[in-house]
Amino acid sequence: MTFFSNKRLIVLMVSIIILVALIGYSMSDRDRVTWPEQFMKDTVGWVQTLVSKPAHFAAGFFENLNELRGIYEENQVLKARLEEYAQVSVERNMLKAENDTLKATLEIEETLSDFRMRTATVIHRNPDRWSEYIGINRGSEHGVQRNMAVITSGGLIGKVHQVGQFSSKVQLLTDNDRTNRVSAMVQADEPVYGFIEGFDQETGLLLLKKLDIDADIEIEQTVTTSGLGGVYPRGLIIGEIVEIEPDEYGLTKNAFIQPAADFYGLDYVMVIERTSTTLEADLSEGDGL
């Protein structure tokens, strides 16, 4: 028994010595490695490669996932800001348009003193009678009466045709009703008087008739109300002359007028109450001048 015990001890000691020698040998600086070392290194390297690929893939996947989540959140924030910007832009444009209208209204109110002005909003416009009438949110309770002139910041658009308690119907200058006339004058060195009678749907021009055949009128001259008809105050802008021609009999002139007001974009209007008196009121009664 003692022999076998000593034999095991000797084998253990020899193994330790060999192991230490191998470790020392492997740690020494050498240009070449033994084939067992090479085999072990290759085997370990292959296993490391095999394990590292899925590990790197998993790490890259979660990293990309986090990046995508960050990009998505950033995109949502940017979209929300873009929507806010669009809304603010719309509100800004609306406020700017309303501000421009009110500024223009104040300028008219400051420069014309022979009438009172009431602001109104267009609340109705029939597509079938688009160029004839509009409805506004002012009526008799607000002091509105029949035949009062109606303007925008651009110029004259028509007169009150029917009055209700809280709303009214406005007849536009573009209505080709034969009784829809306006006493007008051309702003020349010497005023030239005529009547706005008719509207050309194709050209969008008003027709100024009964101008003196010898009158000195030119293209681009301004046409305003004359104040002689008993309805419209003097000096309300109607438009600008763009064409002149003799009438069919050669006795008077006709002029085509580019309206100063935009008849297709009516949102806010002003109702005019004439305060000045006129000697021609009786002569023009019923003519809507």
Does [Y] offer a backbone N or O that forms a donor-acceptor pair with the side chain of [X] under 3.5 Å?
| X | Y | value |
| --- | --- | --- |
| Thr225 | Pro233 | yes |
| Lys159 | Val231 | no |
| Thr119 | Met270 | no |
| Asn180 | Leu172 | yes |
| Asp200 | Gly204 | no |
| Arg146 | Val160 | no |
| Arg181 | Ile196 | no |
| Thr121 | Tyr268 | no |

Taking side chain as C-beta onward, heavy atoms only, is [X] less than 4.5 Å from [Y]?
| X | Y | result |
| --- | --- | --- |
| Val186 | Ile241 | yes |
| Val150 | Ile157 | yes |
| Ile213 | Leu251 | no |
| Leu266 | Ile134 | yes |

Using the side chain to side chain contact (heavy atoms under 4.5 Å, CB included) rule, pick out the option among Leu208, Leu207, Thr203 that qualifies with Leu205.
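Among the candidates, only Thr203 passes.
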Smallest separation among heavy atoms of [X] and [Y], with atom names:
| X | Y | result |
| --- | --- | --- |
| Ala149 | Tyr232 | CB-CD2, 3.4 Å |
| Thr224 | Ile237 | CG2-CA, 4.1 Å |
| Val144 | Val163 | O-CG1, 3.5 Å |
| Met185 | Gln187 | CE-NE2, 3.2 Å |
| Ile257 | Val223 | CD1-CG2, 3.6 Å |
| Leu173 | Leu156 | CD1-O, 3.6 Å |

If hydrophobic clusters are built by linking Ile, Leu, Val, Met, Phe, Trp and Tyr wherever their side-chain heavy atoms come under 4.5 Å apart, do [X] and [Y] end up in the same one?
| X | Y | result |
| --- | --- | --- |
| Val170 | Val122 | yes |
| Ile238 | Ile219 | yes |
| Phe256 | Leu211 | no |

Would you tell me whether [X] and [Y] have side-chain atoms, one donor and one acceptor, within less than 3.5 Å of each other?
| X | Y | answer |
| --- | --- | --- |
| Thr174 | Glu132 | no |
| Ser167 | Asn137 | no |
| Ser168 | Gln162 | no |

Are more than 12 heavy atoms from other residues, nucleotides or ligands located less than 6.0 Å from atom CD1 of Ile244?
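Yes, the 6.0 Å shell around CD1 holds more than 12 heavy atoms from other groups.
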Are there over 12 heavy-atom neighbours, none belonging to Glu190, within less than 6.0 Å of that residue's CD?
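No.
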Lys/Arg-Asp/Glu bridge criterion (N-O < 4.0 Å) met for Lys253, Glu245:
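So Lys253 does not pair with Glu245 through a salt bridge.
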Salt-bridge criterion met for Glu197 and Arg178 (N-O under 4.0 Å)
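Result for this pair is no, no salt bridge flagged.
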Just checking, Lys209 and Phe195: is the charged tip under 6.0 Å from the six-membered ring centre and within 45° of the axis?
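Here Lys209 fails the 6.0 Å and 45° test against Phe195.
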Over 60° means perpendicular and under 30° means parallel, so tell me whether Phe263 and Phe199 are parallel, tilted or perpendicular.
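The rings of Phe263 and Phe199 sit tilted, inter-plane angle from 30° to 60°.
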In Å and rounded to the nearest 0.5 Å, what is the [atom1] to [atom2] distance from [X] to [Y]?
| X | Y | atom1 | atom2 | value |
| --- | --- | --- | --- | --- |
| Ile123 | Asp267 | CD1 | CG | 13.0 Å |
| Gln221 | Asp189 | CD | CG | 8.0 Å |
| Arg138 | Gln165 | CZ | CD | 13.5 Å |

Please test Gln201 against Ser131 for side-chain hydrogen bond (donor to acceptor under 3.5 Å, both in side chains), starting from the C-alpha separation and ending with a verdict.
CA-CA 9 Å; Gln201 295 282 357; Ser131 61; 3.0 Å; yes
